[in-house]
Protein chains: 2
Amino acid sequence: MQTFSVGQLAQNAGVNIETVRFYEKRGLLPMPKRTKSGCRQYTNKDIARIHFIKRAKELGFSLMEIAELLSLKINSETTCGDVKKIALDKLLDVATKIRDLKRIKKVLEELVTVCNKDNSATNECPILEALEIGNE
Amino acid sequence: MQTFSVGQLAQNAGVNIETVRFYEKRGLLPMPKRTKSGCRQYTNKDIARIHFIKRAKELGFSLMEIAELLSLKINSETTCGDVKKIALDKLLDVATKIRDLKRIKKVLEELVTVCNKDNSATNECPILEALEIGNE
DNA sequence: ATACTGTCCGTACCATAGTACAGGGTTCCA
DNA sequence: TGGAACCCTGTACTATGGTACGGACAGTAT
């Protein structure tokens, strides 16, 4: 089976070498086999694992949560329901973030629309005023 | 005019005392007047300013950007257009964040829907499988 | 042989947004 | 007059997700 050095793994997986070691320290990557001279030896599984980590990060999981997911995976005593629960929690988080950002977006849009005078002094800028007045 | 100690300001504005001093260090709050004994003396304006900061944070501005907005306000040479530009930039950011999160949400929803077996071992969990297969 | 590249490890550092704490001084009230 | 409660400063620490660097080996190329 093909093996990779840490540099090759990093290249293939699209991360930094330092990041690979960082992930290892954080328990996201298993301690790899070493060559006689002590260099890390990786396989395709490790590339897949880094892809998994990147994908999970895209999905809004923190490294700690990803470590959790990966440990669930290793420890097969846990059920699919456990994983589902984590995903559901995350779904809730994401939904909340979207809701909040939409509110933010709306205010910004209103502000930008109002702010049409390009050369008025800022002490009468509607953005600042709106933010100042708009606090509860 | 009524004045407030740093503790009272923190209380009224809903932040920590340390945060008030932290904001001062970062240039978000002006250096306040001091009593003879050296205690900071704040006014309603400072409360409003912290509300402004909190509001702007809610709107997705970083402390650095907020400092920028606040300095624009003080320095009246700058125009409303400058402020508008910052807000427009932020609007773009926010729109991107919403788009990404929606994508994430969709994937999570699909995953959770698929994951209906509550007692299957994790080595056949569709979420983990989907994440592993789902990398490009 | 020696220079170059890659890897090793540990440590320190980056930004962000604070929080905590040590070791003092001040103010207030009984 | 003494203690509680507040304030002062500066520094160090938290978490997150890495990045950078120094000094030492290893393997390869010319």
Side-chain angles (χ1 to χ4, degrees), chain A residues 3-43 46 49-70 90 93-94 97 100 104, chain B residues 2-43 46 49-70 90 93 97 100 104:
Chain A
T3 62
F4 306 94
S5 70
V6 65
Q8 290 168 330
L9 176 71
Q11 182 91 36
N12 276 305
V15 292
N16 270 343
I17 290 176
E18 331 277 331
T19 305
V20 172
R21 289 202 283 255
F22 175 71
Y23 283 171
E24 185 181 317
K25 247 186 296 187
R26 288 292 177 96
L28 295 170
L29 286 175
M31 308 260 270
K33 276 178 191 154
R34 300 289 185 123
T35 64
K36 270 159 291 181
S37 58
C39 289
R40 289 168 177 80
Q41 265 186 311
Y42 294 102
T43 69
D46 298 297
R49 199 171 172 110
I50 291 181
H51 280 302
F52 174 93
I53 293 166
K54 289 177 77 178
R55 185 93 182 111
K57 259 169 33 101
E58 276 177 35
L59 290 171
F61 292 90
S62 71
L63 295 189
M64 197 182 258
E65 289 168 320
I66 296 169
E68 209 178 342
L69 280 172
L70 288 165
K90 212 63 218 163
D93 279 8
V94 169
K97 277 184 193 166
D100 290 351
I104 288 163
Chain B
Q2 205 185 347
T3 62
F4 306 95
S5 70
V6 66
Q8 288 168 332
L9 176 72
Q11 182 93 36
N12 275 305
V15 292
N16 270 344
I17 290 176
E18 333 277 329
T19 304
V20 172
R21 290 202 282 255
F22 174 70
Y23 284 171
E24 184 182 316
K25 248 187 297 188
R26 287 293 178 93
L28 296 170
L29 285 176
M31 307 260 270
K33 278 178 189 153
R34 302 288 184 124
T35 63
K36 270 159 291 184
S37 57
C39 290
R40 289 170 178 80
Q41 266 187 312
Y42 295 102
T43 69
D46 298 297
R49 200 172 172 107
I50 292 180
H51 279 304
F52 174 93
I53 293 166
K54 289 176 79 177
R55 184 93 182 110
K57 261 171 28 105
E58 278 177 34
L59 290 171
F61 292 91
S62 71
L63 293 190
M64 197 181 259
E65 289 168 319
I66 295 168
E68 209 178 343
L69 281 170
L70 286 166
K90 212 63 217 164
D93 280 8
K97 277 183 192 166
D100 290 351
I104 288 164

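In what follows, every heavy atom counts, from backbone to side chain, and hydrogens, waters and symmetry copies are set aside. So that the names make sense, note that chain A is the first sequence line, chain B the second, and so on, each numbered from 1.
The side chain to side chain contact (heavy atoms under 4.5 Å, CB included) test with A/Y42 singles out one residue from A/I50, A/V6, A/T3, and that residue is A/V6. Between B/E65 and the choices B/R26, B/K90, B/K57, the salt bridge (Lys or Arg N to Asp or Glu O under 4.0 Å) rule is met once, by B/K90.
Nearest approach of B/F22 to B/L63, heavy atoms of both residues: CE2-CD1, 3.6 Å. Here the closest non-hydrogen pair linking A/H51 and A/N12 is NE2-O, 4.2 Å. Annotation for B/L28 and B/L70: closest pair O-CD1, 3.5 Å, computed over non-hydrogen atoms. Minimum heavy-atom separation, A/P30 to A/E24: O-CG, 4.3 Å.
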Heteroatom pairs (N/O) under 3.5 angstrom, protein to nucleotides 16-18 of chain C:
residue : atom : partner : partner atom : Å
C/dA17  : OP2  : B/L63   : N            : 3.4
C/dG18  : OP2  : B/Y23   : OH           : 2.9
C/dG18  : OP2  : B/K57   : NZ           : 3.1

Contact list (N/O, under 3.5 angstrom) for nucleotides 27-29 of chain C vs protein:
residue : atom : partner : partner atom : Å
C/dT27  : OP1  : B/S37   : OG           : 2.9

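Put simply, B/S5 has a side-chain N or O that comes within less than 4.0 Å of OP1 or OP2 on D/dC7.
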task = Dump the intermediate steps for side-chain contact (heavy atoms from CB on, under 4.5 Å) on A/F4 and A/D46, then the final yes or no.
result = CA-CA 9 Å; A/F4 306 94; A/D46 298 297; over 6 Å; no

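Within the nucleic acid shown, B/R21 comes within 4.0 Å of at least one base atom, counting heavy atoms only.
Atom CD1 in B/I17 sits about 12 Å away from atom C1' in C/dT19, given to the nearest Å. Distance CD (B/Q41) to C1' (D/dC6): 15 Å, rounded to an integer number of Å. Distance, A/E65 CD to D/dA15 C1': 14 Å, rounded to whole Å. One interatomic measurement links the two molecules: CD of B/Q11 to P of D/dA5, which rounds to 15 Å at whole-angstrom precision. As rounded to whole Å, 16 Å separates atom P of D/dG17 from atom NZ of A/K54. One atom, CZ of B/R40, and another, P of D/dC6, lie 17 Å apart when rounded to the nearest Å.
Put simply, the side chain of B/K54 gets close to the backbone of B/A13: a donor and an acceptor are under 3.5 Å apart.
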task = Whenever both distances are under 3.5 Å in a Watson-Crick or G-U wobble pair, mark it; put DNA chain C into dot-bracket that way, with [ ] for crossing pairs and | when the partner is on another strand.
result = ||||||||||||||||||||||||||||||

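Each of B/E18 and A/E18 was assigned the nucleotide of DNA chain C with the nearest heavy atom; the assignment lying further toward the 5' end belongs to A/E18. Annotation: of the two residues near DNA chain D, B/K25 and B/V6, the 5′-most nearest-nucleotide partner is B/V6.
Using a 4.5 Å cut-off on side-chain heavy atoms (C-beta onward), A/R34 and A/R40 make contact. For the pair B/T43/B/P32, no side-chain contact is recorded, criterion being any heavy-atom separation below 4.5 Å from C-beta on.
In B/Q11, the CD atom is not crowded: 12 or fewer heavy atoms of neighbouring residues, nucleotides or ligands sit closer than 6.0 Å.
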